[in-house]
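Below is one structure, written out as structure tokens, with a few remarks after it.
Residue numbers begin at 1 in each chain, while the letters A, B, ... track the order of the sequences. Side chains are part of it too, since the values below use all heavy atoms of this structure and drop only hydrogens, waters and symmetry mates.
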Amino acid sequence: MARKKAEMSEMPLGARIHRLQRIVADLERDDIELEEAMRLFEEGVSHLRAAESLVAQTELRIERLLEGGGTVPLDPVRPADSGG
Amino acid sequence: MQESFEFGTGNVRPAAGVGTTAEPAIVTVAALNALVREILEARVPPLWVEGEISGWKRYTSGHCYFCLRDGSAQVNAVMFRADAQRLPMEPETGMHVRAFGSVSLYEKRGDFQLVVRRIEATGDGGLWRLAFERLRARLDAEGLLDPARRRPLPLYPRVLGIVTSPVGAALHDILTVVSRRAPWTRIVLSPARVQGEGASEDIARALRLLVNADVQPDVIIVGRGGGSTEDLWAFNEEPVARAIAECPLPVISAVGHEVDVTISDLVADLRAPTPSAAAEHAVPDGTAIRQDLRLHRTRLGRALRVYAASRRERISRARERLGDRIRRLAGRRRDALGLADERLRRHTRRVVESKRALLAGLAAKVDALSPLQSLARGYAVPLAEDGRILRRRSEFAPGRPFRLRILDGSVPCRVEEEGDSADG
């Protein structure tokens, strides 16, 4: 379950994009303190990088559900495989 | 039509070419029934029979027995388990149907019967339509078809659950779309049999399994590719409908192709016309996201630059204001100092003037006391080299130099020798 926990602590893409939108809007508002602006910028960059690396993935990860609730991986699907 | 038969040891075979003059044969009942059965099955091709259902009964074996009749006649009919399990519902007495099958004879009882493979209701759009409408009405009465129950789908699902056949076209179509649009999405397949006996229960089981999986999906697609009404029927049955209605996660129903609307479509949070369309709805378009992220990257950088520029300007404005203020403040102080200076200067001048006047007065007084008057009268004053006035004899040691101050200057002198006696 350590694996599951680690995944839970990872921020999902949607939350990152949402947060990024807020940060940009806040920075553009211009009425924040300098330290806050720097902190927001750094946070924004970290979300941006994480989101960009996530959406840069090309290999689809597929698992087959087992009766016990666990999963076993199936063959990954690459865009090239999906033609036929 | 007249034919003769040759009888063997229970086996019956038509004997072509035997003349009509042969003696009537004596046969067993079993042989007779077998003969009639063979004739019926060989001579009457499979056909559709129209009539009214009567006395429908399903036995525990799964086989169903009933009567098919019209105004003037009736025939016993049987529908064996393998065919009967595909029926959407139990036909009811009085229901007008069209039954497809072949005639036969139940040898053990000598009953002539119709072995039915399929039944279609002729009124109200058929048995399937009827079953569909009945379940729909029941679910509707429970409020399960209320559009208000439909939940919004997540915009960016992390995990997509799929309930379908692991070997069907639907799975392939979904994976193709997801790998094109959002290949970072984690896919969890919960395999199910999507047609045949018990398919509806199996789909329901697979869906529940997915809900309780270690990796919980954010959205689930339940479906299969296109097929006949019978093929799709599991998605019109109550087990699937209930499982979808109870599912705590958003469900997209994707059964068959465009025209087939199923009960599962009505209960689901979203009905997709095809599995591919379901995938399009389930995951976002990666191209748009990447574009959006690039835009945010630009905006973030620009926002900080604009912020920094505005802060720099604010600081330089502040510095300017501060400079102004200091200059003004300093100016005021300098004015005050200047004033003091002037006063001091005037005061000093006054003091100096008065001192000078005082000095002048003193000089006059000093002048009045000057020995010059005496010198003018011929007196002279002996001065030691250090300027001290020599007054006594003892101060004039022999050989000692001194100067004699007279009216117009001084004359260097030396004591010759010890003088004589002092005066007086």
Checklist entry - Is it true that atom CZ of A:Arg49 has more than 12 heavy atoms of other residues, nucleotides or ligands lying nearer than 6.0 Å? => result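 No.
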Can you tell me how far [atom2] of [Y] sits from [atom1] of [X], rounded to the nearest 0.5 angstrom?
X        : Y        : atom1 : atom2 : answer
A:Gln57  : B:Thr185 : CD    : OG1   : 9.0 Å
B:Asp292 : A:Ile17  : CG    : CD1   : 6.0 Å
A:Thr71  : B:Ile187 : OG1   : CD1   : 12.5 Å
B:Leu300 : A:Gln21  : CG    : CD    : 12.5 Å
A:Asp26  : B:Tyr307 : CG    : OH    : 11.5 Å

Item to check | Pairs involving residues 314-323 of chain B, ordered by first then second residue, that meet side chain to side chain donor-acceptor pair (under 3.5 Å) (sequence neighbours left out) | outcome: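 Sorted pair list: B:Glu313-B:Arg317.
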Check [X] against [Y] and note the closest heavy-atom contact, atom names and distance.
X        : Y        : result
A:Leu48  : B:Leu293 : CD1-O, 3.5 Å
A:Glu28  : B:Ala303 : CG-CB, 3.8 Å
B:Pro166 : A:Arg64  : CB-NH1, 4.0 Å

Next on the checklist: Check whether B:Arg290 reaches the backbone of A:Val55 with its side chain - one donor and one acceptor, N or O, closer than 3.5 Å.
Outcome noted: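 It does hold such a pair.
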Next on the checklist: I'd like to know if the side chain of B:Tyr156 reaches the main chain of A:Arg16, judged simply by a donor and an acceptor atom lying under 3.5 Å from each other, with no hydrogens or angles considered.
Outcome noted: no
Heavy-atom proximity to chain A below 4.5 Å, by part of [X]:
X        : result
B:Leu209 : both
B:Ile162 : neither
B:Ser310 : side chain

Item to check | When B:Val188, B:Leu304, B:Asn212 are compared by non-hydrogen pairs under 4.5 Å with chain A, the top option | outcome: B:Leu304
Checklist entry - Of the listed residues (B:Arg302, B:Arg299, B:Arg205), which shares the most heavy-atom pairs with chain A below a 4.5 Å separation? => result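 It is B:Arg299.
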Item to check | Side-chain heavy-atom pair A:Thr58, B:Trp184 within 4.5 angstrom cut-off | outcome: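 A side-chain contact under 4.5 Å is absent here.
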Next on the checklist: In the structure I gave you, are the side-chain heavy atoms of A:Leu65 and B:Leu189 within less than 4.5 Å of one another anywhere?
Outcome noted: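 Side-chain contact under 4.5 Å: no.
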Item to check | side-chain contact (heavy atoms from CB on, under 4.5 Å) partners for B:Leu270, two or more places apart | outcome: B:Leu153, B:Ile252, B:His281
Next on the checklist: Using the rule side-chain hydrogen bond (donor to acceptor under 3.5 Å, both in side chains), only one of B:His296, B:Arg294, B:Arg297 pairs with A:Glu52; which is it?
Outcome noted: B:Arg297
Checklist entry - Are B:Arg311 and A:Glu33 within salt-bridge range, i.e. N to O under 4.0 Å? => result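 So B:Arg311 does not pair with A:Glu33 through a salt bridge.
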